[in-house]
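Data first, discussion second: the structure below is written as structure tokens.
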Amino acid sequence: ARLVVLASGGGSNLAALLAAHDDAGYGARVVAVVTDTPQAGALELARDAGVASAVVEPRSFADRGEWDVALAETVSVFHADYVVSAGFMRILGPAFLARFGGRTVNTHPALLPAFPGAHGVRDALAYRVRVTGCTLHVVDAGVDTGPIIAQVAVPVEPDDDEATLHERIKTQERRLLVEWVGRIARGGLHVDGRDAVVGSDRT
Ligand code: GRF
């Protein structure tokens with residue numbers, strides 16, 4: 001399956017997918033990386049891996065709606081079977097979801113529905129939870145609200161700060177992403193209400 005990865009940051013999740021796609025049996029390969037900023041370290045990873053990339057910056061467009069259309073058109077160029085949002089810090093709008101809804105997944109560094117949004121790690125820490133984690137879900141029109149595909153719990157240590165906790169979460173997040181994107185690529189993804197079913201088995 002052809003994957004387009006959306007990223008905004010350093011791209012450690014992208015790096016994990018790029019490493020996995022070298023394994024012939026994985027069943028998916030990253031055909032392009034699209035970011036919302038030219039500063040994303042993910043762009044360097046793409047270049048080093050010989051993978052196409054594109055930047056679709058919100059400030060280049062009159063409004064969010066035009067940016068959303070441009071993003072959808074940019075991703076369409078690469079004929080993605082699935083889109084993976086890994087550290088992409090923008091909300092995917094109606095034009096994008098009209099084309100890629102149901103086959104776009106997002107990884108979030110908290111156990112949704114707890115701590116959605118851009119500061120899930122910080123919010124969990126501030127709440128003093130003992131366990132947090134990461135979630136792979138199908139993207140819908142809301143913010144981190146789509147049907148859940150898989151989750152992993154991660155313990156919070158007493159001396160954790162946002163950085164140490166996020167790094168512990170990312171270690172599990174990369175494994176969750178690689179495992180489930182591979183399963184989706186090989187077996188398909190079927191969304192039925194709140195159910196996100198991968199392949200023939202119930203997730
Ligand atoms: C990941 O934890 C992702 O879930 C969150 O931001 C982080 C991005 O990390 N939205 P990276 O850019 O993949 O290293």
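In each ligand, atom 1 is the first atom listed, and ligand 1 is the first ligand listed.
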- line: protein heavy-atom neighbour closest to atom 1 (C) of ligand 1 works out as E173 OE1, 3.4 Å
message: Out of all atoms in ligand 1, which are within 4.0 Å of some heavy atom of G9? Include the element for each.
response: 12 (O)
- prompt: Relative to the heavy atoms of G10, which atoms of ligand 1 are at a distance of less than 4.0 Å?
  reply: 12 (O)
- line: Counting from 1 in the order shown, the ligand 1 atoms closer than 4.0 Å to a non-hydrogen atom of N13 are 1 (C), 9 (O), 11 (P), 13 (O)
query: Is it true that E167 and R174 make a salt bridge, defined as a side-chain N closer than 4.0 Å to a carboxylate O?
result: yes
- request: May I ask you to say whether D160 pairs ionically with R168, meaning some side-chain N is under 4.0 Å from a carboxylate O?
  value: yes
message: What I want to know is whether G11 and ligand 1 share at least one N or O pair that is separated by under 3.5 angstrom.
response: yes
statement: Per side chain to side chain contact (heavy atoms under 4.5 Å, CB included), I169 is matched among L111, T132, T107 by T132
message: Salt bridge check, E179 against R175: does any charged N sit closer than 4.0 Å to a carboxylate O?
response: no
task: Taking only Lys NZ, Arg NE, NH1 and NH2, and the carboxylate oxygens of Asp or Glu, determine whether D36 and R90 approach each other closer than 4.0 Å.
output: yes
- prompt: Shared ILVMFWY cluster between L18 and L43, side chains joined below 4.5 angstrom?
  reply: no
- request: Identify which of S12, A118, G41, G87 has a heavy atom lying nearest to atom 11 (P) of ligand 1.
  value: S12
- prompt: Would you say H166 touches ligand 1, if touching means a heavy atom closer than 4.0 Å?
  reply: yes
